[in-house]
Amino acid sequence: MPRADFLWGVSTSAYQHEGGFNAPGCPLNNWYEWERSGRVQASGRAVDFWNRHADDFKLARGLGLNAFRLGISWSRVQPAQDPAQKTAPPFDRAALDAYGRMLAEAREAGLEPLVTLHHFTHPHWLGTDVWLEPGTIDLYLDYVRETVTSVNQSLVARGLPAVRWWITLNEPNMLMGCSHLLGTFPSNKRHSMSSAVAAFQNLLIAHVKAYRLIHRLYEESPGWGKPMVSFNNYSSDLYWLDHVAVDALAAPSFGVSRRDLRDWLYEQSQDFQEEMWHADIPFRQTPPYWLGQALKGLQQLIGPWQIKKYNAVALTSLLYERPAERPFDFIALDYYDPFIGHAFRFPRWEEFFMPNKNLRSWLLNTMTSKWWDWAVIPQGLRFFVRHYGRRHPTAPIILAENGIAQLRNRFQDKPWRYDGMKRSDFLKMHLDEVRRLCDEGWNLHGYFHWSLTDNYEWGTYDARFGLYEVDFADPALERHELNSLGDRPARTFGQLIG
């Protein structure tokens with residue numbers, strides 16, 4: 001059984017749930033140009049979590065949840081209304097106070113907050129490809145210092161505990177990949193491996209420095225308690241896209257010398273592939289699967305070469321300043337379909353009518369898996385928790401995101417998946433794995449389902465992830481427990497954790 005203090009929660013993010021970005025008079029982020037040009041659907045009010053968070057906290061608490069993952073928006077905390085502004089504006093005290101009240105309301109509702117400081121978006125005034133610039137790190141740290149200090153002071157002033165659980169950066173591996181390799185996130189640079197590696201290094205440096213900053217702030221304010229700080233990657237069976245980050249950050253604390261770091265990482269990658277080879281995971285072994293496996297073999301060859309070529313001097317120098325330190329207090333995993341063998345598929349007839357600007361766009365839109373046809377493989381969740389549990393037995397593990405998307409758009413009047421999977425069945429399968437892992441004694445401390453409600457999913461409202469369904473054509477944006485398929489996943493979730 002899960003431990004008594006196990007965190008049962010749901011996950012949200014500021015841009016995807018709050019609403020009120022990139023419109024006249026609203027904070028602008030790095031998706032502003034794409035929204036304005038019509039390249040993506042306007043985010044609008046999203047699900048209006050900014051104004052309706054108290055009601056959503058009640059919904060979560062009513063399910064028996066005791067935790068809630070939410071984001072703080074850098075764009076809202078440090079906004080510039082003029083799209084042409086290129087210098088750092090002052091911090092918005094009203095926005096910081098509002099986040100302080102939001103977190104207080106979460107605590108008063110009986111929900112432990114897990115707070116994400118950066119969830120893919122940054123203020124528009126910074127520019128687009130900001131993680132290619134080392135100077136972004138200091139600006140990010142200024143934001144972290146101001147935000148952590150402000151919200152904790154607000155909580156303590158209300159007689160409430162300070163925030164304990166922090167995620168500095170959401171899925172840095174996906175942020176660098178979508179921005180600098182695939183081009184599915186805003187970027188003005190030519191997509192290349194060198195850009196991706198440079199961005200990834202700067203993101204990890206930002207995490208390490210934010211980790212140290214947050215711990216220093218708590219040491220200076222003993223009444224805040226002890227923080228738990230980490231980042232969360234999108235789980236992948238591509239070692240050099242995912243696991244390398246956790247291993248590299250932990251290597252000095254394992255006694256790995258700086259001189260031996262590259263060889264040690266290669267050995268870790270080989271061990272991971274061996275684990276994966278012997279794992280009991282039911283892959284869909286179609287012809288596209290073998291294409292994905294070929295790509296996996298290619299990255300296993302390229303990964304060590306990339307590490308050698310780019311060397312990551314700035315990151316390794318930072319890590320070996322404090323070789324005894326492990327710069328994460330827990331391991332946070334986002335588990336969906338992490339297997340590259342499922343990344344490709346055959347085009348479907350209805351997709352030939354989709355507008356595509358070029359061959360690359362056509363390939364991405366028709367031959368790669370989308371949210372609504374990711375494979376459902378709960379056994380993989382077990383594999384990743386066991387893998388990290390063996391590597392880092394003293395680090396608590398949090399499943400920071402796990403969910404399933406259904407497609408609903410103007411051509412689909414009901415949520416729909418190719419495999420017909422309902423969200424309630426998905427929950428049963430994955431929570432069975434959570435309970436099994438807890439019974440086996442793994443250091444698993446929490447499960448957060450993505451998401452409480454349907455939300456804005458990086459350019460579209462077509463992908464529906466919510467325990468509660470939302471009709472975005474209805475200005476009321478009401479939350480519906482019984483969805484269009486006659487399914488009640490929220491009730492199922494509550495019953496399964498009860």
Side-chain angles (χ1 to χ4, degrees), residues 8-19 41 43-65 67-71 106 109 111 114 116 119 170 334-337 370-374 376 399-410 412-417 419-431 447-497:
W8 290 109
V10 285
S11 286
T12 62
S13 90
Y15 181 44
Q16 295 174 269
H17 290 79
E18 285 181 5
Q41 192 172 357
S43 55
R45 291 194 298 150
V47 289
D48 199 26
F49 181 77
W50 183 249
N51 297 304
R52 301 186 57 157
H53 54 270
D55 292 335
D56 284 348
F57 292 155
K58 290 178 183 176
L59 286 178
R61 190 58 182 153
L63 299 179
L65 305 183
F68 200 104
R69 181 183 172 196
L70 55 88
L111 299 168
L114 170 60
T116 309
H119 200 122
N170 177 76
D334 291 358
Y335 182 81
Y336 294 99
D337 177 1
K370 303 295 185 294
W371 294 293
W372 49 88
D373 51 11
W374 282 340
V376 175
L399 293 164
E401 290 183 27
N402 172 239
I404 181 176
Q406 295 162 327
L407 173 65
R408 187 175 184 183
N409 57 23
R410 56 182 175 167
Q412 305 287 342
D413 61 349
K414 291 184 178 181
W416 172 78
R417 282 182 58 88
D419 59 12
M421 176 72 65
K422 289 188 176 182
R423 203 176 312 278
S424 290
D425 295 329
F426 176 93
L427 283 162
K428 292 172 185 175
M429 295 165 69
H430 287 77
L431 294 189
Y447 172 92
F448 290 76
H449 188 77
W450 184 276
S451 178
L452 180 70
T453 64
D454 292 335
N455 57 271
Y456 180 70
E457 196 60 42
W458 306 111
T460 180
Y461 283 103
D462 290 354
R464 305 302 180 91
F465 278 93
L467 294 171
Y468 289 90
E469 187 177 76
V470 177
D471 181 359
F472 291 103
D474 179 1
L477 295 174
E478 292 182 359
R479 282 67 164 142
H480 298 282
E481 180 191 0
L482 178 65
N483 68 26
S484 303
L485 296 176
D487 190 20
R488 283 191 167 93
R491 182 175 298 183
T492 299
F493 192 21
Q495 291 170 343
L496 288 171
I497 69 171

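For the numbers below, each heavy atom of this structure counts, side chains included, while hydrogens, waters and symmetry mates do not.
- Considering every non-hydrogen atom in both D334 and A400, the closest pair reads OD1-CB, 3.4 Å.
- The structure places CG of D55 at 12.0 Å from OG1 of T453, a figure rounded to the nearest 0.5 Å.
- Judged by distance alone, the side chain of R417 and the main-chain N or O of K422 form no donor-acceptor pair under 3.5 Å.
- Side-chain N/O atoms of E478 and Y468 include no donor and acceptor closer than 3.5 Å.
- Contact record, F426 with G403: CZ-O, 3.3 Å, taken as the closest heavy-atom pair.
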task = Would you sort out whether L65 and F493 count as a side-chain contact (heavy atoms from CB on, under 4.5 Å), showing the intermediate values?
result = CA-CA 9 Å; L65 305 183; F493 192 21; 3.6 Å; yes
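- Of all the heavy atoms in S11 and S451, the pair that sits closest is O-OG, 2.7 Å.
- When side chains are defined from C-beta on, W8 does not count as touching L496, because their heavy atoms never get closer than 4.5 Å.
- Taking CG of D337 as the reference point, atom CH2 of W371 lies at 14.5 Å (rounded to 0.5 Å).
- E481 pairs by the salt bridge (Lys or Arg N to Asp or Glu O under 4.0 Å) definition with R488, R491, not counting sequence neighbours.
- The minimum heavy-atom distance linking R479 with L477 is given by the pair NH1-O, 2.8 Å.
- Partner R69 forms a side-chain contact (heavy atoms from CB on, under 4.5 Å) with one of V10, T116, L452 and no other, that one being T116.
- Under the 3.5 Å distance criterion, the side-chain polar atoms of Q16 are matched with a main-chain donor or acceptor of Y456.
- Atoms CE and CG, on M429 and L431 in that order, are 11.5 Å from each other to the nearest 0.5 Å.
- A pairwise comparison of heavy atoms in S424 and D487 identifies OG-OD1, 2.6 Å as the closest pair.
- Of all non-hydrogen atoms in P489 and G466, the two that sit nearest each other are CG-O, 4.4 Å.
- Distance check: T12 OG1 to D56 CG gives 8.5 Å after rounding to the nearest 0.5 Å.
- When side chains are defined from C-beta on, L70 does not count as touching H53, because their heavy atoms never get closer than 4.5 Å.
- By the 30° and 60° cut-offs, the orientation of the rings of Y336 relative to W374 is tilted.
- In this structure, CG on L467 lies 9.5 Å from CG on D454, to the nearest 0.5 angstrom.
- The shortest side-chain heavy-atom distance between Q406 and W372 does not fall under the 4.5 Å cut-off.
- Taking the side chain as every heavy atom from C-beta outward, V376 and H430 approach each other to under 4.5 Å.
- Atom-to-atom distance recorded for H449:NE2 and F465:CZ is 9.0 Å, nearest 0.5 angstrom.
- Judged by distance alone, with hydrogens and angles left aside, the side-chain atoms of N455 form no donor-acceptor pair with the main-chain N or O of H17 at under 3.5 Å.
- Between Q41 and Y461 the shortest side-chain heavy-atom distance falls below 4.5 Å.
- Among R464, E469, K414, the one residue that satisfies the side chain to side chain donor-acceptor pair (under 3.5 Å) test with S484 is E469.
- Neither side chain, R408 nor N483, offers a donor N or O lying under 3.5 Å from an acceptor on the other.
- Remark: D474 pairs with no residue by the salt bridge (Lys or Arg N to Asp or Glu O under 4.0 Å) rule, at least two apart or across chains.
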ask   = Does the side-chain contact (heavy atoms from CB on, under 4.5 Å) test come out yes or no for F472 and V47, once each step is laid out?
value = CA-CA 8 Å; F472 291 103; V47 289; 3.6 Å; yes
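- For the side chain to side chain donor-acceptor pair (under 3.5 Å) with N402, the lone residue among W450, Y447, Y335 that qualifies is Y447.
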